Colleague: 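Once you've had a glance at the structure underneath, I'll fire off some questions.
Nothing fancy with the numbering, it's 1 onward along the sequence. All values derive from a computational prediction rather than experimental measurement.
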Amino acid sequence: MPNESFDDRPRRITMRRGGPLLVEGPVEIELEDGTKVSSDRFRVALCTCRRSRRYPWCDTSHRRKA
């Protein structure tokens with residue numbers, strides 16, 4: 001809707017089997033230890049396997065090597 005501000009719309013989260021959660025941004029994430037991280041990108045990939053070296057952001061470490 002043209003008059004609706006981006007912040008008023010619900011965030012869309014897309015689940016992928018065996019992959020990351022894709023979240024429409026911008027986002028702010030609070031980690032287990034209370035640390036907050038944020039991204040102003042239009043879409044972010046959140047790691048669900050905890051193998052990412054950039055956790056909570058996905059770096060595709062979940063992919064199996066062929």
Colleague: Which pairs, with at least one residue in residues 38-48 and sequence neighbours excluded, count as a salt bridge (Lys or Arg N to Asp or Glu O under 4.0 Å)?
Modeller: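 As it turns out, there is no salt bridge (Lys or Arg N to Asp or Glu O under 4.0 Å) pair with a partner in residues 38-48 once direct neighbours are skipped.
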Colleague: Going from OG on Ser61 to CZ on Arg54, what distance comes out if it is rounded to the nearest 0.5 angstrom?
Modeller: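 Output value for this atom pair is 10.5 Å.
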Colleague: Can you give me every donor-acceptor pair (side chain of residues 12-23, partner residue at least two apart or in another chain, under 3.5 Å) with its distance?
Modeller:
none

Colleague: Would a distance-only check, ignoring hydrogens and angles, find a side-chain to backbone donor-acceptor pair under 3.5 Å from Ser52 to Trp57?
Modeller: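 Yes; judged by distance alone, with no hydrogens or angles, the pair exists.
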Colleague: Any chance you could measure Arg51, atom CZ, to Cys58, atom SG, to the nearest 0.5 Å?
Modeller: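 The CZ atom of Arg51 sits 10.0 Å away from the SG atom of Cys58.
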Colleague: When you compare the side chain of Pro56 with that of Leu31, does any pair of heavy atoms fall below 4.5 Å?
Modeller: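 Answer yes - side chains close enough.
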Colleague: Could I get the full list of side-chain hydrogen bond (donor to acceptor under 3.5 Å, both in side chains) partners for Arg50, not counting sequence neighbours?
Modeller: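 Once residues adjacent in sequence are excluded, the partners of Arg50 under the side-chain hydrogen bond (donor to acceptor under 3.5 Å, both in side chains) criterion are Glu32, Tyr55.
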Colleague: Measure across Arg11 and Glu24 and return the closest heavy-atom pair with its distance rounded to 0.1 Å.
Modeller: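 For Arg11 versus Glu24, the nearest heavy atoms are CD-O, 3.2 Å.
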